[in-house]
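Accompanying notes for the structure given below.
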Protein chains: 2
Amino acid sequence: MRLTAKSEYGLLAMIDLACRAQDGPVSAREVSERQAVPPKYLEQLFVALRKAGLVSAVRGARGGFVLDRPAAEITVLDIVEALEGPLKPTVCDAERAAVCGKGGACAAAGVWDQATRAVREVFVSTTLDTLARDQEVLEGPA
Amino acid sequence: MRLTAKSEYGLLAMIDLACRAQDGPVSAREVSERQAVPPKYLEQLFVALRKAGLVSAVRGARGGFVLDRPAAEITVLDIVEALEGPLKPTVCDAERAAVCGKGGACAAAGVWDQATRAVREVFVSTTLDTLARDQEVLEGPA
DNA sequence: CAGAAACCATACCGATTTGGTAAGGATTCG
DNA sequence: CGAATCCTTACCAAATCGGTATGGTTTCTG
């Protein structure tokens, strides 16, 4: 369970796309400038998001990316797992359990598991449309 | 918010100490062997736990470590923060907020904050005495 | 059709963190 | 005394992170 800049940048990008869902494809360069994310790095993240089925790419001039599902059906967990892999405890994993000699009888493992579940619950219950609306409110009536 | 082997080893060590609270000081070597943690690495962790005021060290032969407070008054958060530093979001931090140009008006930041709070809640509400009892039950009546 | 705009793929790279190990010093019990 | 134990510092290999570089492929537009 680790959260890095990938998740941060990826979530910012997805919110950006959700806020402009009606404007047709949004290019990586545009997102990069608005969200202050290095452009080539962002491209890599979009590749991962596309492979996870969260966005569709439109190639060629005037191309860009579009959400592949309604924003209400995309959760933060979808985005985080697309970029960082499955959300699971980074400690007391299978390899560790093999050497600690307790055969699964480990009180510590339960704590890590609970913590992971708690994060997962937050991520699953937060959808992109909520965040997009929040962001629009935060930016104010301009 | 990152969890590494330090937290895992440290929690195992603290549970070990709690289970043997009545046996006087427990040496790092004993803990190392029981919990399958590299001995010299464990020594470093005990130093951090001591500096955080969680354990007391008894030097010299027959020395070792003892919990500095009742197990019921030591939370998992105490242990994790002693070893890994303050538990806070690793993304969208102050440095980032300075460049993203939103002046704090960022919907993404709220998600990371919620996730961190959720983990903190689990860690704060889990005390060492509970884990020690859990562990003794798991190990069975032998 | 030419070229620009955009996505796609792969490789590389410096800095930092992680998970230790090594070597020796200081303290206390027996 | 000498052994056990904690204490301190330094060092190190491997992995990860965040990002750059280079070039290719596709497609719109003039």
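Letters A, B, ... are given to chains in the order of the sequence lines, protein chains preceding strands, and every chain is numbered from 1. Source: prediction; values computed, not measured.
- Between B/Arg34 and B/Glu30 there is a salt bridge, since a side-chain N of the basic residue sits under 4.0 Å from a carboxylate O of the acidic one.
- Taking the screw axis at each terminus of the helix from C/dC1-D/dG30 to C/dG30-D/dC1 from five consecutive base pairs, the angle between the two is 10° to within rounding of 10 degrees.
- With respect to the salt-bridge test (charged N to carboxylate O, under 4.0 angstrom), the residues B/Lys40 and B/Glu43 qualify.
- Every residue two or more places apart in sequence or in another chain was checked for a salt bridge (Lys or Arg N to Asp or Glu O under 4.0 Å) with B/Arg59, and none qualifies.
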(message) Run B/Glu81 and B/Lys88 through salt bridge (Lys or Arg N to Asp or Glu O under 4.0 Å) and show every step you take.
(response) CA-CA 10 Å; B/Glu81 291 201 320; B/Lys88 57 178 171 55; over 6 Å; no
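- For the atom pair CE of B/Met14 and SG of B/Cys19, the computed distance is 12.0 Å after rounding to the nearest 0.5 Å.
- We find that CG of B/Leu42 is positioned 17 Å from P of C/dA22, with the value rounded to whole Å.
- Among the heavy atoms of the strands lying under 4.0 Å from A/Phe65 are primed sugar atoms or P, OP1, OP2 only; no base atom is included.
- In this structure, the CZ atom of A/Arg29 is 8 Å from the P atom of C/dA5, given to the nearest Å.
- Here side chain to side chain donor-acceptor pair (under 3.5 Å) pairs that include residues 68-78 of chain B, with residues two or more places apart or in two chains, are B/Ser56-B/Asp68, B/Thr75-B/Asp78.
- The distance between atom CZ of B/Phe46 and atom C1' of C/dG20, rounded to the nearest whole Å, is 17 Å.
- When all heavy atoms of A/Ala57 and A/Arg50 are compared, the pair lying nearest together is CB-CD, 3.9 Å.
- Linking Ile, Leu, Val, Met, Phe, Trp and Tyr whenever their side-chain heavy atoms come within less than 4.5 Å puts B/Leu77 and B/Ile15 in one cluster.
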(request) Can you check each nucleotide of nucleotides 25-30 of chain C against protein heavy atoms at under 4.0 Å and return B for base, S for sugar-phosphate only, - for none, in 5' to 3' order? (result) BBBBBS
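- A ring-ring contact (aromatic ring centres under 6.0 Å, His included) check over residues 62-100 of chain A, counting only residues at least two apart or in different chains, returns the pairs A/Phe46-A/Phe65.
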(message) I need a per-nucleotide contact map over nucleotides 8-19 of chain D, read 5' to 3'. Cutoff is protein heavy atoms under 4.0 Å; write B for the base, S for backbone only, - otherwise.
(response) S-B------SBB
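- One hydrophobic cluster, built from ILVMFWY side chains closer than 4.5 Å, holds both A/Leu128 and A/Leu87.
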